[in-house]
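First up is the structure itself, then whatever we jot down about it.
Since the structure is predicted, the reported quantities are computational estimates derived from the model, not experimental observations. Naming: A, B, ... by sequence-line order, numbering from 1 per chain. As a basis for the values below, the full set of heavy atoms in this structure was taken, side chains included, without hydrogen atoms, waters or symmetry mates.
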Number of protein chains: 2
Amino acid sequence: MGKPRPSAPTISEVAAAAGVGRATAARTLGGYGYVSAEMRDRVLAAADALGYRTNQLARSVSTGVSHTIGVVVADISNPFFGGVALGISEVASARGFDALVLSTAEHLEEEINAVNVLVDKRVDGIILSSAACAADSTAHLQLPNEQGIPLVLLDRLIPGLDLDAVVIDNRAAARHATTELIAAGHSRIGFIWGPPVPDRIEYRRELVEAAGRNLWSDGERLTGYLDALDDAAIPLDLDHIMLGEKTEMRAYEAVTRMLALDAAPTAFFCTETDALTGTLHALRDAGLAIPSQVSIVGFDDSSWAAVMNPPLTMVRQPMLELGRQAAELLLRRIDSGAGDAEPPMQRELETEFIERESVAPAPTHR
Amino acid sequence: MGKPRPSAPTISEVAAAAGVGRATAARTLGGYGYVSAEMRDRVLAAADALGYRTNQLARSVSTGVSHTIGVVVADISNPFFGGVALGISEVASARGFDALVLSTAEHLEEEINAVNVLVDKRVDGIILSSAACAADSTAHLQLPNEQGIPLVLLDRLIPGLDLDAVVIDNRAAARHATTELIAAGHSRIGFIWGPPVPDRIEYRRELVEAAGRNLWSDGERLTGYLDALDDAAIPLDLDHIMLGEKTEMRAYEAVTRMLALDAAPTAFFCTETDALTGTLHALRDAGLAIPSQVSIVGFDDSSWAAVMNPPLTMVRQPMLELGRQAAELLLRRIDSGAGDAEPPMQRELETEFIERESVAPAPTHR
DNA sequence: CTGTTAGCGCATTCAG
DNA sequence: CTGAATGCGCTAACAG
């Protein structure tokens, strides 16, 4: 029964010091039940004389409520998830909840482990940005519900699973961005960060399938891009879609390769920050000027984008809002208790297209 | 005794189902003590038939160990703290610890509250980047130690307090950066993000004092800048130091103001990302080219800096390493228990000066 | 090796 | 209103 720490005073000790019964001390310290003013004062005095602090763990095992929520994301150092985490903790802490945040590095095993840990630590709810793409690798998402712990998905839906979720409208965002590029006169538009498929893809159908087997948000962005092309009756060129592993280096290579094509893209749509920086590197090394020779629009606005030369046109995601709404939804579920009244709901937030100066008419020749 | 959740199976239930005593079930499920193979199997079978999961909270109140550490930072959405948090959780989770992370928005009251919450939730240790600058506003930093909870300071020392800490060598970093600028021929170097003082400052001594009353890291960076000036026998020009509130907007205004000076800076050293973006905005609006007309070096390298036009010279902080080492130090303290053997130690990590293309010889005239 | 018994710190029921 | 007694789920001595 190791209690290695220097004796934190307990309720019993306070009660003794105040010369009252345990329960009375417990009531005043716990802020429930009836207790006379004099008693209360005695207890309070004794309490802070001893430096008493409630042991929330003990309280939690007794009440079954921990006032802690779990947050599992791919990488907390990613500014996107950082923003989301801030949004979550803003609303959570306003309601007296704290967040246990775990990073999974996009590994499903770590995600599974994270969920288990959170369940075992008896969090009151979980907000999770899952790396799972298909409904068959989602057994771990059932566990919380079985244990009566609300779960809300964040930023990524899982097709086939009807769970609470707060995401952004990736498809509309990508469609909008691509459409702007098309409106500027581009028809050869590089798409940086398609689904990471190992083998070469020959047909559009294969592409769509591959997208479906990967992260929902990525798939949606690709679909939005395809939508825009279809809208304008522009034929899809598979060589204009990066399909490799998602790293800045691979993006660099993909762009460099596309630039060497006969039908090289005159514009690029980058669906994430690393894709964008990789692309910018490639354009620089190729000696191409933005936007006179090639246009570009990125995803995930950051303060940097506005101070680039030229300032970059971006689609901004409401990261904080995403976190806030996820937390609000979760807290609502927690409040309503096991009464599974409401059916799961998915909320889709709008993005904002920020026009700056990295998009210009397509050059007539190169 | 509210237990709103759908009955998570307990050890007793498992024991009953397996037809063994509580303790036997507890031993096999808890992985301690002796238990025969057959018994173990029976218990394990019953356990996962019922979907048993250890209630870590209950275990924690019993053992006095929560396997949770607290992390309190100013803003988890800041990539710097995000990186730090990732470093922390890497080493923590490898050792079976999870992190409760709280953001304080740089407000002392929230920081105090955060520490209280963490103590009450009985975390095994705390890593904290304090907004407290002077030793007189640090009563809350005593609490954990009184309760036997190790605390390690992160990124910011508190002069006068001898606590465990892991920081970077801000002074050396700033000195180095400034020296490079001087070596390039600059003698009028704007320093963006000095201490936020309300009233105008007339003398160097006042400046140093003001710095001492503010965030340790900021003070150190300013001191390093001063060091470099002294090294080169360059007189300090107080008009070249931004003293206002630390926002991108104020940085923009400060730079704009400096640019209008007779003795306008020919180079800028920006001590944080927002300071840098504000400065870049101002330079652009002033129509000044980098580095031919003005040189610049920033703090906090990000992937963006390398793709700017021109690529920016930066001093990079080892964020992950900072987090990792803080976590390692903390875990060591946790391991060694209340045995306060070792005295507090401060570890100072080196930064890296990344030379790119935003520094050039000072223009001979403007 | 196993089961019984007693805590951990707090919440809560129930007589007084 | 108060306090004694019991329970939460788990750990941990201690006999058998």
Legend entry - Which residue lies more 5' along DNA chain C, comparing B:A58 with B:A25 via nearest heavy atoms: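 Between the two, 5'-proximity favours B:A25.
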Inset, instruction - Would you please name every residue forming a ring pair (Phe, Tyr, Trp, His ring centres under 6.0 Å) with B:F97, sequence neighbours left out? - result: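 In terms of ring pair (Phe, Tyr, Trp, His ring centres under 6.0 Å), with neighbours along the sequence ignored, B:F97 is linked to B:H67.
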Phosphate-side-chain proximity, [X] and [N], N/O vs OP1/OP2 below 4.0 Å:
X: A:R22; N: D:dG3; result: no
X: A:Y32; N: C:dA11; result: yes
X: A:S36; N: D:dC1; result: no
X: A:Y52; N: C:dC10; result: yes

Kindly point out which of [options] is positioned nearest to the side chain of [X]?
X: B:T24; options: C:dG3, D:dG3, C:dG9; value: C:dG3
X: A:R59; options: C:dC10, D:dT2, C:dG3; value: C:dC10
X: B:Y34; options: C:dC10, C:dC1, D:dG3; value: C:dC1
X: B:T10; options: C:dG3, D:dC10, D:dT11; value: D:dC10
X: B:S62; options: D:dG9, C:dC10, C:dT12; value: D:dG9

Without decimals, in angstroms, what is the distance between [X] [atom1] and [N] [atom2]?
X: B:D41; N: C:dC1; atom1: CG; atom2: C1'; answer: 15 Å
X: A:I11; N: D:dA4; atom1: CD1; atom2: C1'; answer: 15 Å
X: B:R27; N: D:dA13; atom1: CZ; atom2: C1'; answer: 11 Å
X: B:K121; N: C:dC10; atom1: NZ; atom2: C1'; answer: 16 Å
X: B:L29; N: D:dA12; atom1: CG; atom2: P; answer: 14 Å
X: B:R122; N: C:dC8; atom1: CZ; atom2: P; answer: 14 Å
X: A:L57; N: C:dC10; atom1: CG; atom2: P; answer: 10 Å
X: A:Q56; N: C:dA11; atom1: CD; atom2: P; answer: 8 Å

I'd like to know if the side chain of [X] reaches the main chain of [Y], judged simply by a donor and an acceptor atom lying under 3.5 Å from each other, with no hydrogens or angles considered.
X: A:Q142; Y: A:A139; answer: no
X: A:D124; Y: A:S66; answer: yes
X: A:S129; Y: A:L154; answer: yes
X: B:R156; Y: B:S130; answer: yes
X: B:D120; Y: A:N55; answer: no
X: B:R40; Y: B:V35; answer: yes

Legend entry - Nearest-nucleotide 5' precedence on DNA chain D, B:R53 against A:V20: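 Counting from the 5' end, the first nearest nucleotide belongs to A:V20.
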Legend entry - Bending between helix ends of the helix from C:dC1-D:dG16 to C:dG16-D:dC1 [5 pairs per end, 10° resolution]: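 The two end axes of the helix from C:dC1-D:dG16 to C:dG16-D:dC1 meet at 40°.
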Inset, instruction - Would you mind checking if A:D335 and A:R95 are paired as a salt bridge, meaning a charged N to carboxylate O distance below 4.0 Å? - result: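 Yes, A:R95 and A:D335 are salt-bridged.
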